[in-house]
Amino acid sequence: MAGRYAPSPSGDLHFGNLRTALLAWLYARHDGKRFLMRVEDIDEQRSSMESAQRQLEDLAMLGVDWDGDILYQSTRYEAYRAALGQLDTYECYCSRRDIQEASRAPHATSGMYPGTCRSLSDSERSTRRAELAAQNRHPAIRLRAEVDGFTFNDRLRGTVIGDVDDFILLRGGQEPGWAYNLAVVVDDAFQSIDQVVRGDDLLDSAARQAYLFQLLDAPVPEYIHVPLVLNTRGQRLAKRDGAVTLRDMLIDAPLPTVVSALASSLGYTDISTPGELLEVFDPTALTMEPFVFTDLTSDH
Ligand code: GLU
(Lines give C-alpha, C1' and ligand atoms only; values in the text may rest on other atoms or scores of the structure.)
Protein backbone atom coordinates (compact mmCIF):
# COMPACT_ATOMS: atom_id res chain seq x y z
CA MET A 1 0.00 0.00 0.00
CA ALA A 2 1.33 3.41 -0.88
CA GLY A 3 0.99 7.16 -1.06
CA ARG A 4 1.94 9.16 -4.12
CA TYR A 5 2.63 12.51 -5.69
CA ALA A 6 1.21 13.03 -9.17
CA PRO A 7 2.29 16.31 -10.75
CA SER A 8 1.16 17.50 -14.17
CA PRO A 9 4.32 18.41 -16.10
CA SER A 10 3.29 21.82 -17.39
CA GLY A 11 5.81 24.05 -15.64
CA ASP A 12 8.26 24.19 -12.77
CA LEU A 13 7.01 23.32 -9.29
CA HIS A 14 6.45 26.32 -7.04
CA PHE A 15 6.36 26.72 -3.28
CA GLY A 16 2.73 25.52 -3.10
CA ASN A 17 3.39 22.41 -5.21
CA LEU A 18 6.53 21.66 -3.21
CA ARG A 19 4.62 21.96 0.06
CA THR A 20 1.93 19.53 -1.17
CA ALA A 21 4.60 17.10 -2.42
CA LEU A 22 6.41 17.30 0.91
CA LEU A 23 3.17 16.67 2.79
CA ALA A 24 2.32 13.65 0.62
CA TRP A 25 5.82 12.29 1.32
CA LEU A 26 5.56 13.05 5.06
CA TYR A 27 2.19 11.33 5.47
CA ALA A 28 3.31 8.25 3.54
CA ARG A 29 6.68 7.93 5.28
CA HIS A 30 5.17 8.65 8.69
CA ASP A 31 2.62 5.88 8.11
CA GLY A 32 5.38 3.51 6.92
CA LYS A 33 4.01 3.38 3.38
CA ARG A 34 5.78 3.25 0.07
CA PHE A 35 5.79 6.55 -1.80
CA LEU A 36 5.26 6.48 -5.56
CA MET A 37 5.71 9.08 -8.28
CA ARG A 38 3.37 9.47 -11.23
CA VAL A 39 3.72 11.94 -14.07
CA GLU A 40 0.24 13.04 -15.15
CA ASP A 41 1.04 13.84 -18.76
CA ILE A 42 -2.27 12.98 -20.45
CA ASP A 43 -2.81 16.55 -21.54
CA GLU A 44 -0.54 16.42 -24.55
CA GLN A 45 -0.92 20.11 -25.37
CA ARG A 46 0.29 21.29 -21.97
CA SER A 47 2.70 18.55 -20.87
CA SER A 48 6.29 18.10 -21.85
CA MET A 49 9.00 15.58 -21.07
CA GLU A 50 11.40 18.46 -20.27
CA SER A 51 9.01 19.80 -17.69
CA ALA A 52 8.56 16.32 -16.16
CA GLN A 53 12.33 15.96 -15.96
CA ARG A 54 12.76 19.31 -14.26
CA GLN A 55 9.99 18.57 -11.75
CA LEU A 56 11.51 15.20 -10.87
CA GLU A 57 14.96 16.76 -10.49
CA ASP A 58 13.50 19.41 -8.20
CA LEU A 59 11.75 16.86 -6.00
CA ALA A 60 14.90 14.75 -5.77
CA MET A 61 16.98 17.81 -4.95
CA LEU A 62 14.54 18.79 -2.22
CA GLY A 63 14.93 15.34 -0.69
CA VAL A 64 11.49 13.95 -1.50
CA ASP A 65 12.47 10.42 -2.51
CA TRP A 66 10.22 7.80 -4.07
CA ASP A 67 10.11 4.05 -4.49
CA GLY A 68 10.19 2.04 -7.68
CA ASP A 69 9.67 3.23 -11.23
CA ILE A 70 7.92 6.42 -12.19
CA LEU A 71 4.58 5.84 -13.91
CA TYR A 72 3.89 8.04 -16.93
CA GLN A 73 0.21 8.36 -17.78
CA SER A 74 1.04 8.73 -21.47
CA THR A 75 1.99 5.01 -21.41
CA ARG A 76 -1.34 3.94 -19.90
CA TYR A 77 -3.90 4.63 -22.65
CA GLU A 78 -4.72 0.92 -23.11
CA ALA A 79 -5.55 0.59 -19.44
CA TYR A 80 -7.86 3.63 -19.67
CA ARG A 81 -9.51 2.10 -22.74
CA ALA A 82 -10.04 -1.19 -20.84
CA ALA A 83 -11.57 0.63 -17.86
CA LEU A 84 -13.86 2.57 -20.18
CA GLY A 85 -15.09 -0.77 -21.55
CA GLN A 86 -16.10 -1.86 -18.03
CA LEU A 87 -18.28 1.18 -17.41
CA ASP A 88 -21.78 2.17 -18.47
CA THR A 89 -21.20 5.19 -20.70
CA TYR A 90 -22.76 7.31 -23.43
CA GLU A 91 -21.61 9.75 -26.08
CA CYS A 92 -22.08 13.44 -25.43
CA TYR A 93 -22.25 15.98 -28.25
CA CYS A 94 -22.59 19.10 -26.13
CA SER A 95 -20.31 22.06 -26.59
CA ARG A 96 -19.22 24.04 -23.56
CA ARG A 97 -21.80 26.64 -24.50
CA ASP A 98 -24.64 24.05 -24.69
CA ILE A 99 -23.77 22.98 -21.15
CA GLN A 100 -23.62 26.54 -19.84
CA GLU A 101 -27.01 27.30 -21.34
CA ALA A 102 -28.63 24.13 -20.01
CA SER A 103 -27.10 24.82 -16.60
CA ARG A 104 -28.99 28.09 -16.38
CA ALA A 105 -32.30 26.20 -16.28
CA PRO A 106 -34.13 26.09 -12.95
CA HIS A 107 -33.07 23.18 -10.72
CA ALA A 108 -29.70 22.91 -12.46
CA THR A 109 -26.84 22.47 -9.99
CA SER A 110 -23.91 24.56 -11.03
CA GLY A 111 -20.90 22.65 -12.28
CA MET A 112 -22.97 19.49 -12.78
CA TYR A 113 -23.62 18.12 -16.28
CA PRO A 114 -27.37 18.53 -16.82
CA GLY A 115 -27.74 15.18 -18.64
CA THR A 116 -28.64 16.64 -22.05
CA CYS A 117 -27.29 13.67 -24.04
CA ARG A 118 -28.14 10.95 -21.52
CA SER A 119 -31.39 9.74 -23.07
CA LEU A 120 -31.15 10.58 -26.76
CA SER A 121 -32.66 8.11 -29.20
CA ASP A 122 -30.43 6.21 -31.62
CA SER A 123 -31.52 8.39 -34.51
CA GLU A 124 -30.85 11.60 -32.58
CA ARG A 125 -27.43 10.22 -31.76
CA SER A 126 -26.58 9.52 -35.40
CA THR A 127 -27.69 13.01 -36.41
CA ARG A 128 -25.63 14.68 -33.67
CA ARG A 129 -22.62 12.45 -34.39
CA ALA A 130 -22.77 13.33 -38.10
CA GLU A 131 -23.01 17.06 -37.28
CA LEU A 132 -19.87 16.83 -35.18
CA ALA A 133 -18.02 14.69 -37.72
CA ALA A 134 -18.74 17.36 -40.36
CA GLN A 135 -16.80 19.78 -38.13
CA ASN A 136 -14.04 17.23 -37.68
CA ARG A 137 -14.96 16.81 -34.02
CA HIS A 138 -15.46 13.76 -31.85
CA PRO A 139 -18.11 13.27 -29.18
CA ALA A 140 -17.05 13.05 -25.54
CA ILE A 141 -17.76 9.89 -23.56
CA ARG A 142 -19.53 10.32 -20.23
CA LEU A 143 -20.22 7.99 -17.37
CA ARG A 144 -23.88 7.08 -16.91
CA ALA A 145 -23.81 7.67 -13.15
CA GLU A 146 -26.42 5.96 -11.05
CA VAL A 147 -26.04 8.35 -8.13
CA ASP A 148 -25.90 12.12 -7.76
CA GLY A 149 -23.74 12.12 -4.66
CA PHE A 150 -21.15 9.92 -3.00
CA THR A 151 -19.67 9.81 0.48
CA PHE A 152 -15.95 9.44 1.10
CA ASN A 153 -13.58 9.89 3.99
CA ASP A 154 -11.02 12.66 4.23
CA ARG A 155 -8.57 12.55 7.12
CA LEU A 156 -8.73 16.32 7.64
CA ARG A 157 -12.42 16.86 6.97
CA GLY A 158 -14.02 13.63 8.14
CA THR A 159 -16.97 12.27 6.19
CA VAL A 160 -17.64 14.29 3.06
CA ILE A 161 -20.63 14.00 0.74
CA GLY A 162 -19.79 15.32 -2.72
CA ASP A 163 -21.64 15.76 -5.99
CA VAL A 164 -21.44 13.15 -8.73
CA ASP A 165 -22.71 13.82 -12.24
CA ASP A 166 -22.32 12.11 -15.60
CA PHE A 167 -18.72 13.27 -15.75
CA ILE A 168 -16.44 12.99 -18.78
CA LEU A 169 -14.18 9.96 -19.15
CA LEU A 170 -12.88 10.70 -22.64
CA ARG A 171 -12.83 14.30 -23.82
CA GLY A 172 -14.21 14.97 -27.31
CA GLY A 173 -13.48 17.76 -29.76
CA GLN A 174 -10.80 17.79 -32.43
CA GLU A 175 -8.23 16.01 -30.29
CA PRO A 176 -9.95 13.49 -28.00
CA GLY A 177 -8.07 12.84 -24.79
CA TRP A 178 -8.41 10.83 -21.61
CA ALA A 179 -10.00 12.69 -18.76
CA TYR A 180 -8.17 13.30 -15.50
CA ASN A 181 -10.90 11.69 -13.36
CA LEU A 182 -10.64 8.38 -15.21
CA ALA A 183 -6.84 8.30 -15.50
CA VAL A 184 -6.25 9.18 -11.86
CA VAL A 185 -8.54 6.42 -10.59
CA VAL A 186 -7.29 3.72 -12.96
CA ASP A 187 -3.69 4.54 -12.02
CA ASP A 188 -4.25 4.90 -8.28
CA ALA A 189 -5.88 1.43 -8.40
CA PHE A 190 -3.06 0.03 -10.58
CA GLN A 191 -0.38 1.38 -8.24
CA SER A 192 -2.26 0.14 -5.11
CA ILE A 193 -2.45 3.67 -3.75
CA ASP A 194 -4.37 3.74 -0.48
CA GLN A 195 -3.48 7.30 0.54
CA VAL A 196 -4.12 10.32 -1.70
CA VAL A 197 -2.62 13.57 -0.41
CA ARG A 198 -3.22 16.56 -2.70
CA GLY A 199 -4.33 20.18 -2.76
CA ASP A 200 -7.86 20.91 -1.64
CA ASP A 201 -8.67 22.46 -5.02
CA LEU A 202 -9.31 18.83 -6.00
CA LEU A 203 -11.76 18.16 -3.18
CA ASP A 204 -14.69 18.66 -5.58
CA SER A 205 -13.43 15.82 -7.79
CA ALA A 206 -13.03 13.34 -4.97
CA ALA A 207 -16.63 12.08 -4.76
CA ARG A 208 -16.63 11.37 -8.50
CA GLN A 209 -13.34 9.52 -8.17
CA ALA A 210 -14.41 7.55 -5.09
CA TYR A 211 -17.56 6.48 -6.96
CA LEU A 212 -15.44 5.41 -9.94
CA PHE A 213 -13.21 3.27 -7.71
CA GLN A 214 -16.33 1.50 -6.52
CA LEU A 215 -17.61 0.95 -10.07
CA LEU A 216 -14.23 -0.51 -11.04
CA ASP A 217 -14.23 -2.82 -7.98
CA ALA A 218 -11.15 -1.14 -6.53
CA PRO A 219 -10.79 0.00 -2.91
CA VAL A 220 -11.33 3.72 -2.33
CA PRO A 221 -8.12 5.29 -0.93
CA GLU A 222 -7.97 7.48 2.14
CA TYR A 223 -8.08 11.12 1.05
CA ILE A 224 -6.12 13.93 2.68
CA HIS A 225 -6.90 17.22 0.93
CA VAL A 226 -4.43 19.76 2.21
CA PRO A 227 -4.88 23.53 2.19
CA LEU A 228 -3.32 25.46 -0.65
CA VAL A 229 -0.67 28.15 -0.47
CA LEU A 230 -2.03 31.61 -1.29
CA ASN A 231 -0.35 34.85 -2.34
CA THR A 232 -0.73 38.04 -0.30
CA ARG A 233 -3.88 38.94 -2.25
CA GLY A 234 -5.53 35.70 -1.12
CA GLN A 235 -5.28 34.01 -4.53
CA ARG A 236 -3.78 30.62 -5.17
CA LEU A 237 0.01 30.98 -5.46
CA ALA A 238 1.18 30.94 -9.08
CA LYS A 239 4.39 31.41 -10.96
CA ARG A 240 3.55 35.04 -11.75
CA ASP A 241 3.85 35.77 -8.00
CA GLY A 242 7.61 36.20 -8.36
CA ALA A 243 10.45 33.98 -7.26
CA VAL A 244 8.35 31.03 -6.16
CA THR A 245 9.69 28.07 -8.15
CA LEU A 246 12.43 26.04 -6.51
CA ARG A 247 14.89 27.08 -9.20
CA ASP A 248 14.09 30.76 -8.73
CA MET A 249 14.27 30.51 -4.95
CA LEU A 250 17.66 28.81 -5.15
CA ILE A 251 19.14 31.79 -6.98
CA ASP A 252 19.06 33.79 -3.76
CA ALA A 253 18.79 31.16 -1.04
CA PRO A 254 20.54 27.89 -0.23
CA LEU A 255 18.46 24.69 -0.23
CA PRO A 256 18.23 24.39 3.60
CA THR A 257 16.57 27.85 3.68
CA VAL A 258 13.90 26.63 1.24
CA VAL A 259 13.31 23.46 3.28
CA SER A 260 13.20 25.54 6.44
CA ALA A 261 10.55 27.87 4.90
CA LEU A 262 8.48 24.85 3.82
CA ALA A 263 8.75 23.37 7.33
CA SER A 264 7.88 26.71 8.86
CA SER A 265 4.75 26.90 6.67
CA LEU A 266 3.72 23.64 8.34
CA GLY A 267 4.41 25.01 11.81
CA TYR A 268 7.89 23.53 12.43
CA THR A 269 10.95 25.60 13.24
CA ASP A 270 14.69 24.85 13.08
CA ILE A 271 14.37 22.31 10.29
CA SER A 272 16.73 22.16 7.34
CA THR A 273 16.13 18.71 5.80
CA PRO A 274 13.03 16.62 5.07
CA GLY A 275 14.52 13.85 7.25
CA GLU A 276 14.55 16.19 10.27
CA LEU A 277 10.99 17.22 9.48
CA LEU A 278 9.84 13.60 9.29
CA GLU A 279 11.18 12.99 12.79
CA VAL A 280 8.92 15.65 14.29
CA PHE A 281 5.98 15.54 11.84
CA ASP A 282 2.65 15.18 13.61
CA PRO A 283 -0.09 14.28 11.10
CA THR A 284 -2.81 15.34 13.52
CA ALA A 285 -1.42 18.87 13.83
CA LEU A 286 -1.96 20.17 10.27
CA THR A 287 -4.35 23.12 10.32
CA MET A 288 -7.03 23.70 7.71
CA GLU A 289 -5.99 27.32 7.19
CA PRO A 290 -4.42 28.12 3.82
CA PHE A 291 -0.83 29.30 4.14
CA VAL A 292 -0.01 32.77 2.81
CA PHE A 293 3.38 32.99 1.13
CA THR A 294 5.10 36.35 1.43
CA ASP A 295 8.74 35.65 0.77
CA LEU A 296 11.16 32.93 1.61
CA THR A 297 12.98 34.43 4.51
CA SER A 298 10.21 36.37 6.22
CA ASP A 299 9.31 35.09 9.65
CA HIS A 300 6.06 33.17 9.13
N1 GLU B 1 -2.02 16.00 -11.56
C2 GLU B 1 -2.83 16.75 -10.63
C3 GLU B 1 -2.22 18.12 -10.43
O4 GLU B 1 -1.04 18.30 -10.67
C5 GLU B 1 -2.94 16.09 -9.27
C6 GLU B 1 -3.84 14.94 -9.31
C7 GLU B 1 -4.05 14.23 -8.00
O8 GLU B 1 -3.22 14.36 -7.09
O9 GLU B 1 -5.05 13.54 -7.90
O10 GLU B 1 -2.92 19.02 -10.06
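For ligands, and for the atoms within them, numbers begin at 1 and follow the listed sequence. The model shown is predicted, which means the values in this text are computed figures rather than measured ones.
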Residues in the immediate environment of ligand 1 (any heavy atom closer than 4.0 angstrom): R4, A6, P7, S8, E40, Y180, V184, R198, L202
Does M61 have more than 12 heavy atoms from other residues, nucleotides or ligands lying within 6.0 Å of its CE? yes
Give me the ring orientation class for F281 and Y27: parallel if the planes are under 30° apart, tilted from 30 to 60°, perpendicular past 60°. perpendicular
Aromatic ring centroids of F152 and Y223 under 6.0 Å? yes
Any side-chain heavy-atom pair from L169 and N181 closer than 4.5 angstrom? no
Quick one: list whatever passes salt bridge (Lys or Arg N to Asp or Glu O under 4.0 Å) with E222, sequence neighbours left out. R155
Start with the C-alpha distance between D98 and Y93, add both sets of side-chain angles, then the distance that settles side-chain hydrogen bond (donor to acceptor under 3.5 Å, both in side chains), and finish with yes or no. CA-CA 9 Å; D98 294 334; Y93 315 97; over 6 Å; no
